[in-house]
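Because the structure is predicted, anything quoted here is derived from the model rather than measured. Start at 1 and go down the list; that is how both ligands and their atoms are numbered.
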Amino acid sequence: MVAVPIADISQQTVARIRSALLDWYGQNARTLVWRTPPGSKARPDPYRVWLSEVMLQQTTTPHATPYFQAFTTRWPTVNDLAAAPDSDVMAAWAGLGYYARARNLLACARAVARDHGGAFPGTEADLLKLPGVGAYTAAAVAAIAFGRPANVVDGNVERVMARLFAVETPLPAARPRLKALATRFVIGDQPGAEHADWPQALMDLGATVCRPKSPLCDRCPVAFGCAALTTGDSGRYPLKVKKGERPHRHGIAWVLRDGEGRVGLVRRPDKGLLGGMLGLPTSDWNAVPDVTPPVSLDWHDAGTVEHVFTHFSLTLVVHVATGEGDFLWTPEADAMAGLPTVFRKALERGLGGWISPSRTTAAEAM
Ligand code: SF4
């Protein structure tokens, strides 16, 4: 069937879709630890909204939830977070990925504490002035925490828009158009609870009904206005340009233990991948196999680990030894809990390799 042109969805239909989706959200909102349920008189704490939105960028709700709980238990307010040592926050962030975000998180918390008396500003324009706060986060906090009309567009919302309007332009080129389409649903200019509910309703629809694969169109509260449904292949949207293959890199990670069950770690340079985080000493990640180790010891090969970053995949050969040197000596359990995932994998491999150096290659996903 032929896709319905965008112009065929009238503003009246847009208003009906908004109304139907808000009703649906009132009955079907997901229960999330950072969320105030629809209809609640209490407004959500902007700190919790901001923290959850930063964590949810590029990771899933189930993965982010325990981190959110741990952060808000340890640092219940933005002032508490602002006062935390960098190393504690970076260690608590380990496993969430995108470590530049953890540094921005701290910079933003400190700016709110220092410049705003610990209270987040309530408009998109002022939120945008905070370090590390981009257009998406500013819109999300303005809408969800302060009930301001704002166009909050994440991947879920893009997908729903691409389907409602059967947008034939592939991502990422379609992004500005999808954002413009989403703006049509932001109706009214006075603050109110509907502006907080609307983006969350769209996100919930995208997460639970208008799913990336196999959308549940027969359960969809806005099917009456969906152009993709009329094509008979709603799951085809949003169209995507096929990505090229990720480059693959290689390197060596050195797991060095002393006689007291501690591991030798290094602090990575502030700039660059995993900047400022604790890590194992490694070679460059384009290394040839005979790179010189950080100290001259009797190194054993403990196998390899695989890790996938956004822009490349990596094979690390893990070498283990016992000895001394100028490192940050850290108990194994603390190292295991505080290291970014790629180093945790290598440490696990190294410690396993220590017990049984003949273990073979582990093929691990991200
Ligand atoms: Fe998504 Fe299907 Fe609903 Fe259209 S009808 S918005 S494709 S779930």
Side-chain angles (χ1 to χ4, degrees), residues 1-32 35 37-39 53 56-62 136 139-140 143-144 149-188 193-243:
M1 296 180 77
V2 176
V4 177
I6 287 170
D8 281 1
I9 296 185
S10 66
Q11 200 55 29
Q12 193 182 22
T13 303
V14 165
R16 278 183 61 212
I17 288 173
R18 180 178 158 100
S19 173
L21 188 50
L22 284 170
D23 286 348
W24 173 86
Y25 179 68
Q27 304 295 320
N28 297 281
R30 289 176 294 169
T31 302
L32 303 173
R35 179 177 273 178
E53 291 298 338
L56 285 169
Q57 289 168 29
Q58 310 285 344
T59 192
T60 61
T61 298
Y136 169 79
I144 297 169
N151 193 24
V152 186
V153 183
D154 69 354
N156 280 324
V157 177
E158 283 182 347
R159 182 170 61 259
V160 173
M161 290 301 141
R163 289 174 177 170
L164 283 175
F165 293 93
V167 173
E168 294 291 339
T169 309
L171 286 170
R175 221 153 248 152
R177 191 175 188 188
L178 297 174
K179 192 166 184 182
L181 292 171
T183 309
R184 295 179 62 185
F185 293 89
V186 182
I187 299 170
E194 276 199 1
H195 293 304
D197 289 348
W198 173 250
Q200 299 183 91
L202 264 180
M203 290 173 194
D204 280 19
L205 184 77
T208 63
V209 177
C210 196
R211 307 178 306 187
K213 289 177 188 158
S214 314
L216 304 172
C217 301
D218 55 340
R219 295 196 215 158
C220 178
V222 298
F224 65 86
C226 180
L229 189 57
T230 68
T231 70
D233 189 8
S234 48
R236 176 172 164 258
Y237 300 91
L239 279 60
K240 287 182 185 155
V241 174
K242 284 199 170 44
K243 283 185 187 165

Would Y237 and T231 count as a side-chain contact (heavy atoms from CB on, under 4.5 Å) here? Give the steps. CA-CA 10 Å; Y237 300 91; T231 70; 3.7 Å; yes
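Relative orientation of the F185 and F165 rings is perpendicular, given thresholds of 30° and 60° on the angle between their planes.
At a threshold of 4.0 Å, the pair E194-R18 counts as salt-bridged, since one of the basic side-chain nitrogens sits closer than that to a carboxylate oxygen. Ion pairing between a basic and an acidic side chain is recognised when a charged N comes within 4.0 Å of a carboxylate O; R163 and E158 show no such pairing.
Expressed to the nearest 0.5 Å, how far CZ of R177 lies from CG of L171 amounts to 12.0 Å. Here the CD1-CZ distance, from I17 to F224, works out to 5.5 Å after rounding to the nearest 0.5 Å.
For atom 2 (Fe) of ligand 1, protein N/O/S neighbours under 2.8 Å (waters excluded) are C217 SG.
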